[in-house]
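Worth saying up front: this structure is predicted, and the values here are computed from it rather than measured. Whatever order the structure lists them in is the order used to number ligands and atoms, beginning at 1.
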Amino acid sequence: MDYIIASDFTLLLIFKGFMAYPKLFIPGPTHVSEDILNAFSTYQVGHRTPEFSELTQTVITGIQKVLYTQNKVFLASHAATGLWELGLRNTYKPNSKILFAVNGAFSSKWSTVGDKCGFKYSTIDKSWETGIHPEDIDDQLSTGDYDIFCMVHNETSTGVLSDLEPISKLLKNKYPNVIWMVDAVSSMAGVKIEVDKLGIDFIFASTQKAWGLPAGFAVCSVSDRILDRSKNIKNKGYFFDLEVYDKYYEKWQTPVTPSIPHLFGLKATIEKIENEGLENRWERHIECGKYTREWAINHGQQFFPEKSCLSPTITCIQNDQKWDINAINDKLLGKGYRMDRGYGKLRGQTFRIAHMGNVYLDDLKDYLAQFDNVLTELNY
Ligand code: PLP
């Protein structure tokens, strides 16, 4: 048996070409199960063929069900970061102004994308422990300056989930002309989001979080009013132009050669979701969140987010017990698990446990039992 030792003490075992990596409990990429991995090695199909259109139609119809939407769903062979830009480029008009609600690292990055595109915008900067509420945006929107509002549903950096319903009510009642864009990168397919009922114009996620697929692919649902608006916007470039997407949509195709393995993976995932049942899936994520929080409380830990906005897909634990996170990380790696050690400015102060996608309650129980073993080994 050969082995190599990676720089971060990961023991990578190589058995005749088979490599065992630690099981992921980080908030993306998340663990991909064997059945989904196998779907990725399906024989390729040509992307301008009837068999491709059939595959795409199945995938799109399945995603529409997960999102409770009749809106068009587009498939993108790149990370969600591209969809931040796609959303803005297809809605921003010469007199537009964007309002970004910022309550964490990813919502902040989205505003940077607006900035880099040279668009006019403002941010509402909230404390990172809390969700976005209607009262946070009402004053700004009432100025009439803004026609686009962007927010992150589930801040992956902090495990803060914002409640979309009161925001939907506000926008519907007072600002029906404002385009609403929601980053659901770490909530889509793990949290119930009724897109049409809420009236979300643009919502998207990459596949490496609660969809439980490998990274490098993203999906979005787009309202008709965005598609209409996009037609009157010039200089959007080609790659991110929704008009181009829409032209190919008519044939159940994608504008460019897509990641076909992801489409087979998505098809398998959708079948899995249908077998589980949507309501069961949402409930499972809620249960996993509860289990993780009880575990943390039993260990004398608190949470980084306020109580009212704890996420069902990620738990961000404030390390009040001052555990040596790096030592825990090394020991967990030795047992075959990859933990998170906090994101960006919260690295070291917090650590996150992801419980989404292919992470079921039994997986979580195994992981937390191993975590307990490590704590005992470290005399905590
Ligand atoms: N938005 C959120 C909330 C995220 O968590 C991430 C990545 O972790 C992104 C956007 C960027 O996604 P991607 O890496 O697929 O571009």
Side-chain angles (χ1 to χ4, degrees), residues 24-32 63 74-89 98 100-117 123 126 128-132 149-164 180-191 193 200 202-221 239-240 258-259 262 265-266 269 285 304-305 309-316 338-347 350-357 359:
L24 302 179
F25 282 85
I26 56 174
T30 57
H31 173 65
V32 183
I63 296 171
F74 295 114
L75 307 166
S77 293
H78 54 71
T81 300
L83 295 185
W84 277 339
E85 188 164 333
L86 180 147
L88 300 181
R89 288 209 178 275
I98 311 162
F100 290 100
V102 173
N103 65 331
F106 291 100
S107 36
S108 171
K109 271 194 189 171
W110 195 1
S111 70
T112 305
V113 172
D115 190 59
K116 297 261 180 204
C117 289
T123 58
K126 293 254 336 187
W128 283 24
E129 288 91 355
T130 184
I132 305 300
F149 169 59
C150 301
M151 63 177 284
V152 171
H153 183 210
N154 194 60
E155 250 302 345
T156 317
S157 54
T158 55
V160 165
L161 182 87
S162 292
D163 188 354
L164 296 174
W180 186 18
M181 302 213 261
V182 178
D183 169 326
V185 167
S186 56
S187 54
M188 185 187 287
V191 177
I193 308 171
I200 302 169
F202 183 66
I203 186 162
F204 57 95
S206 32
T207 50
Q208 75 275 15
K209 311 272 186 193
W211 283 106
L213 292 157
F217 203 85
V219 304
C220 59
S221 104
F239 193 62
F240 288 143
S259 169
H262 272 96
L266 267 168
T269 301
H285 284 81
F304 180 80
C309 49
L310 294 161
S311 162
T313 58
I314 303 159
T315 298
C316 182
R338 169 67 72 185
M339 78 174 287
D340 167 79
R341 288 175 282 168
Y343 186 87
K345 69 177 188 184
L346 297 174
R347 198 169 174 97
T350 63
F351 64 97
R352 296 169 300 169
I353 299 174
H355 29 78
M356 57 177 130
V359 173

Under 3.5 Å: donor-acceptor pair, side chain of Glu155, backbone of Trp128:
no

Less than 6.0 angstrom separating the ring centers of Trp110 and Phe202, yes or no?
no

Mode of Ser206 contact toward ligand 1 - side chain, backbone, both, neither (heavy atoms, under 4.0 Å):
side chain

Looking at Ser187 and His153, what are the two nearest heavy atoms and their distance?
OG-ND1, 2.8 Å

Enumerate the atoms of ligand 1 whose separation from the nearest heavy atom of Ala79 is less than 4.0 angstrom.
13 (P), 15 (O), 16 (O)

Would the distance check show the side chain of Asn154 and the main-chain N or O of Ser186 forming a donor-acceptor pair, the cut-off being under 3.5 Å?
yes

Does only the side chain of Lys209 get under 4.0 Å from ligand 1, or the backbone, or both, or neither? Count heavy atoms.
side chain

Sub-4.0 Å heavy-atom contact, His153 with ligand 1
no

Has ligand 1 got any nitrogen or oxygen that is less than 3.5 angstrom from a nitrogen or oxygen of Gln208?
yes

Any N or O of Asp183 closer than 3.5 Å to N or O of ligand 1:
yes

N/O donor-acceptor pair under 3.5 Å between Ser311 side chain and Thr313 backbone
yes

Ignoring angles and geometry beyond distance, decide whether Ala80 reaches within less than 3.5 Å of ligand 1 through its nitrogen or oxygen atoms.
yes

With atoms numbered from 1 as shown, which atoms in ligand 1 lie under 4.0 angstrom from a non-hydrogen atom of Trp84?
1 (N), 10 (C)

All heavy atoms of Pro29 vs all of Leu24, minimum pair found to be O-CD1, 3.2 Å

Which residue and atom name correspond to the protein heavy atom nearest atom 3 (C) of ligand 1, and how close is it?
Thr156 OG1, 3.2 Å

For ligand 1, does Thr81 get within less than 4.0 Å through its side chain, its backbone, both, or neither, judged by non-hydrogen atoms?
both

Please state whether Glu155 comes within less than 4.0 angstrom of ligand 1, counting heavy atoms only.
no

Closer than 3.5 angstrom, by distance alone: can the side chain of His355 be matched with the main-chain N or O of Pro312 as a donor-acceptor pair?
yes

Should Ser77 and His262 be marked as a side chain to side chain donor-acceptor pair (under 3.5 Å) after you check the CA-CA gap, both sets of side-chain angles, and the distance that decides it?
CA-CA 8 Å; Ser77 293; His262 272 96; over 6 Å; no

Can a donor-acceptor pair be found, under 3.5 Å and without considering hydrogens, that links the side chain of His285 to the backbone of Gly357?
yes

At a non-hydrogen distance cut-off of under 4.0 Å, which region of Trp110 contacts ligand 1 (side chain, backbone, both, or neither)?
neither

Checking a contact table here: which protein heavy atom is nearest atom 9 (C) of ligand 1, and how many Å away?
Phe106 CD2, 3.7 Å

